[in-house]
Undergrad: 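Before anything else, here's the structure in question.
These values consider heavy atoms only, across backbone and side chains, with no hydrogens, waters or symmetry-generated copies. In what follows, chains are A, B, ... by sequence order, proteins preceding strands, each numbered from 1.
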Number of protein chains: 2
Amino acid sequence: MTDTGGVADPAGPPEDSLSGSDLRQAPEHDLPPTSYALLGLLSFGPELTGYELKQWADSTLRFYWVAPAMSQVYSELTRLDRLGLLESRDDRTGQRPARRYKISERGMAELRRWLSDTPIDFPVLKHPAALRLLLGHLVDIDVTRKMLGGYIAQLDERRAELQEVRDGLGSDATFRFPAEVAQWGLSYYDDESRTVREIVDRLSNPEPPDPA
Amino acid sequence: MTDTGGVADPAGPPEDSLSGSDLRQAPEHDLPPTSYALLGLLSFGPELTGYELKQWADSTLRFYWVAPAMSQVYSELTRLDRLGLLESRDDRTGQRPARRYKISERGMAELRRWLSDTPIDFPVLKHPAALRLLLGHLVDIDVTRKMLGGYIAQLDERRAELQEVRDGLGSDATFRFPAEVAQWGLSYYDDESRTVREIVDRLSNPEPPDPA
DNA sequence: AGCTGGTGTTCCGACTAGGAACATAAGGGA
DNA sequence: TCCCTTATGTTCCTAGTCGGAACACCAGCT
């Protein structure tokens, strides 16, 4: 087993000193999915700083993928660059010096390979509202009802944000797939909101005899 | 800020030696949600080994909460025990010696406090199928269609498993809340399956002019 | 001059994921 | 009988992830 490398190398100076043998090394195994998520954002073309990439992920990606932390965005960029999947340069044209990254040909190829070859994982979910409903026997019913009411309010808020994202994509074929994903999310929020309202109704009217 | 403690203490022998001052210490801050998830399972009453708790979590909890890894189950049990939220004993009655844990009064109280006082977080989602659909521009359309077909098949499978869980809960009022949560999950799988089928249809018939 | 807020990045500690490793028992087949 | 597989029960290690603190600099406002 060869060393696939730690992300940070605090001992070595970053400039010059082509010391490592792991420069431009192919990622023998799959990277974690979050790496492909960020690489995927960059596959749409822009040349971004870590800060800008984080903002973009926060505004769109987070609806179906956990928005990675700032620190993780930067360490991912460092790693992807080291693997040759990105190209980077120092940008001093703006008011602030910054490092800008864009996807490389290698990166595009690796992304295509991953999309074609890798079996799909089932979604991973952490659903606090469901967990709390499960534990309803421990608290007064009003606590649970109130909790679900708050969840519905959050759903409405998120739905409105996602609607804005979807509207911003227009009907241009360029953003056909992002638009499909946004639509998917909107359907999800609508269905979820309806389902939770039904649950709240059932909690209020304990046993409505089925009139069928 | 006082030390809220590492989970493992490899230096110290576990028996006797009341060395620490952090025994039976209240958790000043909230524990991570996964801790409350496991504590919540134990709030239904049983006295379990780490192994059994992991199996239970795998069979039911995983539908709306990431099933924690074996190693995490054990470290959580150790921590919750150290905090006085669990009671534990060595069990040698079975064929294999094992440590059994059940929830304490303190644990029940802390769980109730958390349910009542803590604001609810929005669900966290990692949705590989959505991420791949987003990147549809990179691959042939058939790759994306096939990917979504595989996802639908996984959905059907999961739905069948959850249906069994739900059937096992019956209509007894004891499991009213677990049954509601299971029903919630079933609705989610049904809605998601329908939505994804619609997406696949749209991918096949690119622009069906709206006949309205 | 100082305050606040946005840009840009790094570092650290805690939490989480996943598998390897270890140990023992039960059951089945050559 | 011996081996193999499966299940029980637990620990350890590595890498990945999260969240905040810290640092730095610039712009606009008071």
Undergrad: Counting only side-chain nitrogens and oxygens, does B:Arg79 get under 4.0 Å of the OP1 or OP2 atom of C:dC15?
TA: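 Yes.
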
Undergrad: Starting from P on C:dT16, measure out to CG on B:Leu77 and report it in whole angstrom.
TA: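 Answer to the nearest Å: 14 Å.
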
Undergrad: Whole angstroms only, please: what is the CD-C1' distance between B:Gln72 and C:dC15?
TA: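 The answer, rounded to whole Å, is 7 Å.
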
Undergrad: Between B:Asp91 (CG) and C:dT24 (P), how many Å, whole number?
TA: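 About 18 Å, once rounded to whole Å.
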
Undergrad: Are B:Asp91 and B:Arg96 close enough, and set up right, to give a salt bridge (Lys or Arg N to Asp or Glu O under 4.0 Å), and what steps lead you there?
TA: CA-CA 8 Å; B:Asp91 179 12; B:Arg96 326 209 8 78; over 6 Å; no

Undergrad: Calculate the interatomic distance between B:Leu31 atom CG and C:dA14 atom P; express it in whole Å.
TA: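 After rounding, the reported distance stands at 15 Å.
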
Undergrad: Check the distance between C:dG6's C1' and A:Asp58's CG and give it to me in whole angstrom.
TA: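 Distance check: A:Asp58 CG to C:dG6 C1' gives 14 Å.
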
Undergrad: I want to verify a distance call: between C:dT7, C:dA17, D:dG9, whose nearest atom is closest to the B:Arg96 side chain?
TA: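 For the B:Arg96 side chain, the nearest candidate turns out to be D:dG9.
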
Undergrad: After noting the C-alpha distance and the side-chain angles of A:Val196 and B:Trp184, does the key distance pass the side chain to side chain contact (heavy atoms under 4.5 Å, CB included) rule?
TA: CA-CA 8 Å; A:Val196 177; B:Trp184 186 352; 3.6 Å; yes

Undergrad: For A:Ala69, which contact category applies under a 4.0 Å heavy-atom criterion: base, sugar-phosphate, or nothing?
TA: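 Counting heavy atoms under 4.0 Å across all strands, the contact made by A:Ala69 includes a base.
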
Undergrad: Is there a donor-acceptor contact under 3.5 Å linking the side chains of B:Ser35 and B:Arg79?
TA: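 Indeed, the side chains of B:Ser35 and B:Arg79 share at least one donor-acceptor pair under 3.5 Å.
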
Undergrad: Could you say whether B:Pro97 or A:Pro68 is positioned toward the 5' end of DNA chain D, judged by the nucleotide with the nearest heavy atom to each?
TA: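 Nearest-nucleotide comparison on DNA chain D picks B:Pro97.
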
Undergrad: Side chain of A:Ser75, base of D:dG16: donor and acceptor closer than 3.5 Å?
TA: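 Answer no: no donor N or O sits under 3.5 Å from an acceptor.
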
Undergrad: Please report, rounded to the nearest Å, how far the C1' atom of C:dA17 is from the CD atom of B:Glu76.
TA: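 Checked: the CD to C1' distance equals 13 Å.
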
Undergrad: If you find the nucleotide of DNA chain D closest to B:Lys126 and the one closest to B:Thr49, which residue's nucleotide is nearer the 5' end?
TA: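 Going by which nucleotide is closer to the 5' end, it is B:Thr49.
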
Undergrad: Counting only heavy atoms not in B:Glu161, do more than 12 fall under 6.0 Å of its CD?
TA: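 Counting other residues, nucleotides and ligands, CD of B:Glu161 exceeds 12 neighbours.
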
Undergrad: Look at the side-chain N and O atoms of B:Gln55 and state whether any lies under 4.0 Å from the OP1 or OP2 oxygen of D:dT8.
TA: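 Checking D:dT8 against B:Gln55, a side-chain N or O does come within under 4.0 Å of OP1 or OP2.
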
Undergrad: Report yes or no: is there a donor-acceptor pair, N or O only, under 3.5 Å between the side chain of A:Thr34 and the base of D:dG16?
TA: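 No pair found.
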
Undergrad: Given C:dT7, C:dC12, C:dG19, identify the nucleotide with an atom nearest to the side chain of B:Ser71.
TA: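 The answer is C:dG19.
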
Undergrad: So which one's nearest nucleotide on DNA chain C is more toward 5', A:Met70 or B:Met70?
TA: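 Its nearest nucleotide being more 5', the pick is A:Met70.
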
Undergrad: Send over the distance from A:Glu52 CD to C:dT7 C1', rounded to a whole Å.
TA: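 That distance rounds to 9 Å.
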
Undergrad: Can you tell me if B:Tyr74 touches the phosphate of D:dT11, counting only side-chain N or O atoms and a distance under 4.0 Å to OP1 or OP2?
TA: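 It does not, given that no N or O in the side chain of B:Tyr74 lies less than 4.0 Å from OP1 or OP2 of D:dT11.
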
Undergrad: Is the distance between the ring centroids of B:Tyr151 and B:His127 under 6.0 Å?
TA: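 Judged by ring-centre distance (under 6.0 Å), B:Tyr151 and B:His127 do meet the cut-off.
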
Undergrad: Could you give the CG-to-P distance, from A:Leu48 to C:dT9, as a whole number of Å?
TA: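 For the pair A:Leu48 CG and C:dT9 P, the rounded distance is 11 Å.
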
